[in-house]
Enquirer: 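Here's a structure for you.
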Amino acid sequence: MIAGRFAPSPTGPLHMGSLVTALASYCSVKQAGGQWLVRIDDLDPPRQDPNAENAIIRSLAAHGLNSDRPIIFQSDHAVAYESALQKLTPHLFYCKCSRRELRAHDRYPGTCRAAKTPTPDRAVRVLMLDAEHDYTDGFLGQVAADFATQLGDFIVKRRDGLIAYNLATAVDDGDTISEVLRGQDLLPVTAPQRYLMQLLGLNVPNYTHIPCLEFNDGTKLSKQSHAPPLDDACALTNLRAALGYLGFRAPDPINSISSLLNWSIQHFDLTQIPDKLPKYRPC
Ligand code: GLU
């Protein structure tokens, strides 16, 4: 069963950059006859905006991007994440290093590797042995993911008790999702996520990382860079613009969201997406 997903964190409303990625993921999975799922990555309450979740769901619906199954909330999966942590026990250690102590290092220096006894108030890290974990990306081709040199032993449960994004995503994508299409900003987390799925014995999806939409100065559109929220009242125009960034131009007479999405599904072609998207221009 082919299944893809769009997995926003509820840190702010959707912007054009999110729409571009959501639309590409939707089209590629629908073209392959698969199911497209929406998952809200709501595991980091301190970073979340209480209004964002509803705004995101409303915005996706306004743009005709409806999940084929009930929307998934990571906050409902605490039991699955804890059981994954149990399974990972032989690979875990309990780290007391502060951010300040680690600041001087490019990657985690392995300081607490010997601390194998569960200890409260410590971050839980996965032991990462030096290895090459290359994979073939649907957009980028061969990716040399030497994550040990990039990242080192990474955190799966934070000192404050919150499950880390990489673990939650590995548990939720493994076995369930066959196609992950997302922005290239997430390329660095792909190797850790794939590695966790392998340790957990889960099927690893295919990955496709498309370029991110950027402002003129090269900054990625994001909440931090103050990307303007999508105006849901202009959904058709927004979808046309998103298609344009991806390198497609739908014929002008198409004037309903459902026919535009159908056209997009039929014509979607990864090879047509430019290596660098045109810079963002507010509608
Ligand atoms: N929730 C993550 C974000 O919004 C993305 C998750 C993913 O696609 O893996 O950046």
Side-chain angles (χ1 to χ4, degrees), residues 3-29 34-57 59-60 65 67 71-77 80-81 84 135 137-140 143 145 147 151 154-156 158 162-197 200 202-214 219-227 229-230 242:
R5 61 25 164 215
F6 176 60
S9 303
T11 50
L14 294 185
H15 47 74
M16 184 55 79
S18 346
L19 184 64
V20 166
T21 315
L23 182 63
S25 143
Y26 178 89
C27 291
S28 88
V29 76
Q35 288 197 330
W36 187 72
L37 314 183
V38 174
R39 185 181 76 218
I40 304 289
D41 286 355
D42 56 348
L43 280 189
D44 194 353
R47 281 187 57 229
Q48 284 164 209
D49 164 354
N51 301 316
E53 187 176 298
N54 284 337
I56 289 172
I57 294 171
S59 211
L60 287 172
L65 299 173
S67 182
I71 295 181
I72 300 154
F73 294 88
Q74 287 196 318
S75 53
D76 290 339
H77 294 177
Y81 303 145
Y135 78 96
D137 189 277
F139 187 82
L140 296 165
V143 173
F147 54 79
L151 195 66
F154 62 91
I155 293 180
V156 283
R158 292 171 13 182
L162 293 177
I163 295 290
Y165 155 73
N166 279 332
L167 178 63
T169 301
V171 170
D172 287 335
D173 285 345
D175 277 354
T176 311
I177 298 297
S178 63
E179 314 298 320
V180 171
L181 187 156
R182 58 189 179 185
Q184 284 172 10
D185 56 328
L186 291 166
L187 199 54
V189 295
T190 302
Q193 291 174 8
R194 288 169 51 85
Y195 180 66
L196 285 174
M197 287 181 221
L200 291 166
L202 302 173
N203 285 314
V204 178
N206 299 317
Y207 287 88
T208 301
H209 290 87
I210 63 167
C212 294
L213 188 59
E214 295 173 348
T219 321
K220 177 182 95 82
L221 268 74
S222 67
K223 184 173 178 240
Q224 294 72 30
S225 66
H226 307 294
L230 288 172

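For ligands, and for the atoms within them, numbers begin at 1 and follow the listed sequence.
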Enquirer: Is the closest N or O pair between R182 and ligand 1 shorter than 3.5 Å?
Expert: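 Yes, at least one N or O pair falls under 3.5 Å.
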Enquirer: Of the protein's non-hydrogen atoms, which lies at the shortest distance from atom 5 (C) of ligand 1, and what is that distance?
Expert: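 So the nearest neighbour among protein heavy atoms is A7 O, 3.4 Å.
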Enquirer: Taking atom types as modelled and ignoring hydrogens, do the side chains of Q74 and D42 form a donor-acceptor contact shorter than 3.5 angstrom?
Expert: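 Side chains of Q74 and D42: no pair found under 3.5 Å.
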Enquirer: Between the candidates P10, G183, S25, S9, which shows the shortest non-hydrogen contact distance to atom 10 (O) of ligand 1?
Expert: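 Answer by nearest heavy atom: S9.
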Enquirer: Does any N or O in the side chain of K223 come within less than 3.5 Å of the main-chain N or O of G12, such that one atom is a donor and the other an acceptor?
Expert: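 No: the side chain of K223 does not pair with the backbone of G12.
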Enquirer: Among D173, T169, D172, which residue meets the side chain to side chain donor-acceptor pair (under 3.5 Å) test with R5?
Expert: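 Only one of D173, T169, D172 forms a side chain to side chain donor-acceptor pair (under 3.5 Å) with R5, namely D173.
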Enquirer: By number and element, which atoms of ligand 1 are closer than 4.0 Å to a non-hydrogen atom of R5?
Expert: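 Result: 7 (C), 8 (O), 9 (O).
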Enquirer: With heavy-atom distances below 4.0 Å as the criterion, list the atoms of ligand 1 near D41.
Expert: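 Heavy-atom distances to D41 below 4.0 Å select 1 (N), 2 (C), 6 (C).
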Enquirer: With the threshold set at under 4.0 angstrom, would you say Q193 reaches ligand 1 through any of its heavy atoms?
Expert: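 The answer is no: ligand 1 sits nowhere under 4.0 Å from a heavy atom of Q193.
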Enquirer: Which heavy-atom pair separates L14 from P8 by the least distance, and what is that distance?
Expert: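 Taking L14 first and P8 second, the nearest heavy atoms are CD2-CB, 4.5 Å.
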Enquirer: Please could you name the atoms of ligand 1 that L186 approaches to less than 4.0 Å, counting only its heavy atoms?
Expert: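 Those qualifying, in numeric order: 5 (C), 7 (C), 8 (O).
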Enquirer: Which of parallel (below 30°), tilted (30 to 60°) and perpendicular (above 60°) describes Y195 and F154?
Expert: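 Because their plane-to-plane angle is over 60°, the rings of Y195 and F154 count as perpendicular.
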Enquirer: Does the side chain of V204 reach to within under 4.5 Å of the side chain of Y135, using non-hydrogen atoms?
Expert: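 No. Closest side-chain heavy atoms not under 4.5 Å.
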Enquirer: Using a 4.0 Å heavy-atom cut-off, which part of Y165 comes near ligand 1: side chain, backbone, both, or neither?
Expert: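 The part of Y165 near ligand 1 is the side chain, not the backbone.
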